[in-house]
Amino acid sequence: MQQTIATDKFNPRSSLIAIITSVQERLKQLYAWSGNQRDEGKRWEADNFSEHKTNRECSSCSGSPAMIDIDPRSMIASELSLKRGAVLLWAGTNCGPVEIKQLAEVLGISYDRPLAEQDPTFIEILLYGYKDELLTYTHKSKLKQGFYRGCVNDVKFLRDSGTTSKGNLKAIDYFSGPVHCPDCLQSSHYDKECLSVTVDGLTINQASRLSIQELLLFVRDLISASKSTDTFPVLLELEERLLHLNKIGLKYLSPDYHASLEGSC
């Protein structure tokens, strides 16, 4: 079966969330292509390889959408500095960084050092806000003043306001998880059928949970072995984006997975 994978030009100035989700989308395209090469009688689409927010077979919640809310674990990449984009919601945008930089100055937090090397209570402030002191900052040549409300509240505001922006909707989806069901929170949620499809021996669940460096090596091995003109462009696009993420120091496509690893140690 012949299948052409859609590609587009990489913009390193895109928001960090846009870059991360573009990697995830290309992985799904790659697995759909692999499934179609294996199964001539079935039409695999990229959406078949999307991870569900809840486990439909969960004995606790049965996959209820009511379990889904904003997941704070997915919002901060503590291995990064604020300058590099540790607050994923605003990384690569001109909306939040000015206010966050002022907040860091008030609280004596370095803008250039990884958050993991600094006061851990600052991460809680980044998530849930700081109301002890008004912040004064300049945004778009205008002097502004206000309390920092936290990125969890920022995403909830975007969600509850009924935003139609594609970028905002993508961010809301990325930062949402089964926070009200402990059982779903600790597991991945792919359809069993899609996990029968592998690329170089890995399911999409396994590939998505590789570190950025491991995923980059995985993609480079595929590039070296690629004999298909259909997949070669998307593999090059994956490599280009992963090189960027590796350069800035991001460890995983999803910080909540990184956090679960640390919590299990």
[X] side chain vs [Y] backbone, donor-acceptor pair below 3.5 Å:
{"X": "Lys53", "Y": "Asp173", "result": "yes"}
{"X": "Ser34", "Y": "Thr198", "result": "yes"}
{"X": "Ser62", "Y": "Ser64", "result": "no"}
{"X": "Glu99", "Y": "Leu135", "result": "no"}
{"X": "Glu51", "Y": "Tyr190", "result": "no"}
{"X": "Asn36", "Y": "Trp44", "result": "yes"}
{"X": "Thr54", "Y": "Gly63", "result": "yes"}
{"X": "Tyr148", "Y": "Ile100", "result": "no"}
{"X": "Asp71", "Y": "Arg73", "result": "yes"}
{"X": "Asp221", "Y": "Phe218", "result": "no"}

Transitive ILVMFWY side-chain link [X] to [Y], under 4.5 Å:
{"X": "Trp90", "Y": "Tyr111", "value": "yes"}
{"X": "Val152", "Y": "Ile68", "value": "no"}
{"X": "Phe175", "Y": "Val23", "value": "yes"}
{"X": "Leu253", "Y": "Leu235", "value": "yes"}
{"X": "Leu238", "Y": "Ile223", "value": "yes"}

Find out whether [X] and [Y] are in side-chain contact, i.e. whether some heavy atom of one side chain is under 4.5 Å from a heavy atom of the other.
{"X": "Ser22", "Y": "Arg241", "result": "yes"}
{"X": "Glu57", "Y": "Lys192", "result": "yes"}
{"X": "Ile20", "Y": "Leu250", "result": "yes"}
{"X": "Gln206", "Y": "Leu195", "result": "no"}
{"X": "Gln24", "Y": "Ser208", "result": "no"}
{"X": "Leu215", "Y": "Leu245", "result": "no"}
{"X": "Ile212", "Y": "Lys251", "result": "no"}
{"X": "Met75", "Y": "Leu88", "result": "no"}

Verdict with reasoning, Lys101 to Leu82, per side-chain contact (heavy atoms from CB on, under 4.5 Å): CA-CA 8 Å; Lys101 189 172 185 178; Leu82 291 172; over 6 Å; no
What distance do [X] atom [atom1] and [Y] atom [atom2] have between them, rounded to the nearest 0.5 Å?
{"X": "Leu242", "Y": "Lys247", "atom1": "CG", "atom2": "NZ", "answer": "14.5 Å"}
{"X": "Lys83", "Y": "Ser110", "atom1": "NZ", "atom2": "OG", "answer": "9.5 Å"}
{"X": "Asp230", "Y": "Leu30", "atom1": "CG", "atom2": "CG", "answer": "11.5 Å"}
{"X": "Ile109", "Y": "Ser81", "atom1": "CD1", "atom2": "OG", "answer": "12.5 Å"}
{"X": "Leu236", "Y": "Leu222", "atom1": "CG", "atom2": "CG", "answer": "11.5 Å"}
{"X": "Gln145", "Y": "Thr136", "atom1": "CD", "atom2": "OG1", "answer": "4.0 Å"}

In a table with atom names and distances, give each donor-acceptor pair under 3.5 Å that connects a side chain of residues 123-134 to protein atoms at least two apart or in another chain.
none

Residue Phe147 excluded, over 12 heavy atoms near CZ under 6.0 Å: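 Buried by this count: over 12 neighbours within 6.0 Å.
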Derivation and outcome, side-chain contact (heavy atoms from CB on, under 4.5 Å), residues Leu107 and Asp119: CA-CA 10 Å; Leu107 297 178; Asp119 185 351; over 6 Å; no
Short N-O contact, Glu25 and Lys170, less than 4.0 angstrom: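 Salt bridge: no.
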Salt bridge flag under 4.0 Å for residues Arg26 and Glu240: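 Result for this pair is no, no salt bridge flagged.
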If every non-hydrogen atom of [X] is compared with every non-hydrogen atom of [Y], which pair is closest and at what distance?
{"X": "Cys151", "Y": "Ile76", "result": "SG-CD1, 4.3 Å"}
{"X": "Leu243", "Y": "Leu216", "result": "CD2-CD2, 3.8 Å"}
{"X": "Tyr31", "Y": "Ala207", "result": "OH-CB, 3.5 Å"}
{"X": "Tyr174", "Y": "Thr21", "result": "CD1-CG2, 4.1 Å"}
{"X": "Gly35", "Y": "Val197", "result": "N-CG1, 3.7 Å"}
{"X": "Ala18", "Y": "Ser14", "result": "CB-CB, 4.2 Å"}

Pairs meeting criterion salt bridge (charged side-chain N to carboxylate O under 4.0 Å, His left out) with involvement of residues 145-156, two or more places apart: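 Counting only pairs at least two positions apart or across chains, the salt bridge (charged side-chain N to carboxylate O under 4.0 Å, His left out) contacts touching residues 145-156 are Arg149-Asp154.
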Please report, to 0.1 Å, the donor-acceptor pairs under 3.5 Å made by any side chain of residues 176-184, with sequence neighbours excluded.
| from | atom 1 | to | atom 2 | distance (Å) |
| --- | --- | --- | --- | --- |
| Ser176 | OG | Ile172 | O | 2.6 |
| His180 | NE2 | Asp69 | OD2 | 3.4 |
| Asp183 | OD2 | Ser60 | OG | 2.3 |

Mutual orientation of the aromatic rings belonging to His244 and Phe10 [parallel < 30°, tilted 30-60°, perpendicular > 60°]: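 It falls in the perpendicular class, over 60°.
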With Arg84, the side chain to side chain contact (heavy atoms under 4.5 Å, CB included) member among Leu115, Leu16, Ile248, Asp112: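 When Leu115, Leu16, Ile248, Asp112 are each tested with Arg84, the side chain to side chain contact (heavy atoms under 4.5 Å, CB included) holds only for Ile248.
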Working for side-chain contact (heavy atoms from CB on, under 4.5 Å), residues Glu193 and Lys42: CA-CA 12 Å; Glu193 188 179 16; Lys42 179 177 175 62; 3.5 Å; yes
Candidate pair Trp33 and Val199, rule side-chain contact (heavy atoms from CB on, under 4.5 Å), full reasoning: CA-CA 10 Å; Trp33 183 90; Val199 173; over 6 Å; no
